[in-house]
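First the structure, in the form of structure tokens, and then the observations on it.
Remember, it's a predicted structure, so these values are computed and weren't measured experimentally.
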Amino acid sequence: MSTDFGSARRWAERYIVDALYPGATAVDATLGNGYDAERLCALVGETGRVYGFDVQKEAVERTRARLTEKGLQARAELVCAGHERMEEFVPPGVDAIVFNLGWLPGAGHAVTTRVETTLAAVSQAVALLAPGGILTICIYPGHAEGAREREALLAWAAALPGTLDVIHEHYVNQKNNPPELLAVRRRPRSSPKS
């Protein structure tokens with residue numbers, strides 16, 4: 001038995017794996033180096049679809065190269081645009097949406113996710129979720145904009161309606177501001193009584 005509590009990314013992965021199936025639809029709202037997109041493409045199978053977003057052309061290119069190398073490119077539609085535009089490209093009925101906030105790993109920190117666009121994006125993401133769909137948001141509060149995002153996202157999540165379940169997973173005794181997970185699930189429709 002493992003006693004490793006893991007990290008926000010591992011917690012998010014647990015929810016995403018449970019939500020996806022062959023033929024599902026998923027969104028990677030922050031492509032980065034393409035690891036989440038690769039995992040999503042594998043989980044949705046040949047009949048599923050993954051939509052990926054990033055404002056940085058480099059992130060889109062890195063992801064495209066990763067998916068091509070793994071033979072998964074046909075399952076994905078990659079868009080070089082901010083995640084706050086996802087409703088322009090993604091049809092409703094999404095099974096899982098992943099946000100991994102912050103900056104592109106291995107690149108400079110000048111370009112990072114921002115409170116205003118993140119709030120617009122997560123609001124659209126919730127509206128796109130299918131019944132039973134899950135939204136995961138890995139928050140990095142260790143820098144100024146990340147701390148602002150954390151506070152804004154927690155306030156946003158607390159105001160969501162009761163038709164959504166919201167959890168916030170984080171370490172409570174760590175002083176180095178480790179990443180935190182905010183997860184939102186649209187409750188499944190109840191089955192009709194027979």
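Legend: residues meeting ring pair (Phe, Tyr, Trp, His ring centres under 6.0 Å) with Trp11, ordered by chain and number and at least two apart, are Tyr171. Here Arg39 pairs with Asp36 under the side-chain hydrogen bond (donor to acceptor under 3.5 Å, both in side chains) rule; sequence neighbours left out. Shown here are the salt bridge (Lys or Arg N to Asp or Glu O under 4.0 Å) partners of Lys175, two or more places apart in sequence or in another chain: there are none. Take Gln174 and apply the side-chain hydrogen bond (donor to acceptor under 3.5 Å, both in side chains) test, not counting sequence neighbours, and it matches no residue. Residues forming a side-chain hydrogen bond (donor to acceptor under 3.5 Å, both in side chains) with Glu180 (at least two apart in sequence, or on another chain): Arg150, His168. For Glu169, the salt bridge (Lys or Arg N to Asp or Glu O under 4.0 Å) partners at least two apart in sequence or on another chain are Arg14. Judged as a side chain to side chain contact (heavy atoms under 4.5 Å, CB included), and not counting sequence neighbours, the contacts of Asp165 are Arg185, Arg187. With sequence neighbours left out, the side chain to side chain contact (heavy atoms under 4.5 Å, CB included) criterion links Ser123 to Trp156. With sequence neighbours excluded, the residues satisfying side-chain hydrogen bond (donor to acceptor under 3.5 Å, both in side chains) with Glu116 are Arg148.
Under the 4.5 Å side-chain criterion, counting only non-hydrogen atoms from C-beta, Ile139 is not in contact with Leu181. Using a 4.5 Å heavy-atom threshold, the side chains of Glu38 and Leu67 count as touching. Residues Val166 and Leu182 are in side-chain contact: their nearest non-hydrogen atoms beyond the backbone lie under 4.5 Å apart. At least one side-chain heavy atom of Leu153 sits less than 4.5 Å from a side-chain heavy atom of Ile137. In this structure the side chain of Thr136 reaches within 4.5 angstrom of the side chain of Ile134, judged on heavy atoms.
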Donor-acceptor pairs under 3.5 angstrom involving side-chain atoms of residues 18-32: please list them, not counting sequence neighbours.
from, atom 1, to, atom 2, distance (Å)
Tyr21, OH, Asp95, OD1, 3.3
Tyr21, OH, Asp95, OD2, 3.3
Asp28, OD1, Thr30, N, 3.2
Asp28, OD2, Ala37, N, 3.1
Thr30, OG1, Asn100, N, 2.8
Thr30, OG1, Asn100, O, 3.2

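In this structure, CD in Glu46 is found 12.0 Å from SG in Cys41, a value given to the nearest 0.5 Å. Once rounded to the nearest 0.5 Å, the distance linking CD of Glu13 with CG of Leu40 reads 9.5 Å.
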Residue pair Arg85, Glu88: steps toward the salt bridge (Lys or Arg N to Asp or Glu O under 4.0 Å) verdict: CA-CA 6 Å; Arg85 294 183 55 203; Glu88 295 175 38; 2.9 Å; yes
Run the side chain to side chain contact (heavy atoms under 4.5 Å, CB included) test on Leu72 and Arg75 for me, step by step, so that the C-alpha distance in whole Å, both residues' side-chain angles and the decisive distance to 0.1 Å come before the verdict. CA-CA 6 Å; Leu72 300 170; Arg75 301 176 188 186; 3.5 Å; yes
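Arg186 places no side-chain N or O within donor-acceptor distance of the main-chain N or O of Leu164, the cut-off being under 3.5 Å. The closest donor-acceptor contact from the side chain of Arg66 to the backbone of Asn33 lies under 3.5 Å. Formation of a donor-acceptor pair under 3.5 Å by the Gln124 side chain with backbone atoms of Glu84 is found in this model.
Pairs of residues two or more places apart, or lying in two chains, that qualify as ring pair (Phe, Tyr, Trp, His ring centres under 6.0 Å) and include a residue from residues 35-86 are Phe53-Phe89, His83-Phe99. The ring pair (Phe, Tyr, Trp, His ring centres under 6.0 Å) contacts involving residues 58-82 comprise nothing, where partners must be two or more places apart or lie in separate chains.
Using a 4.0 Å cut-off between charged side-chain N and carboxylate O, Arg64 and Glu61 make no salt bridge.
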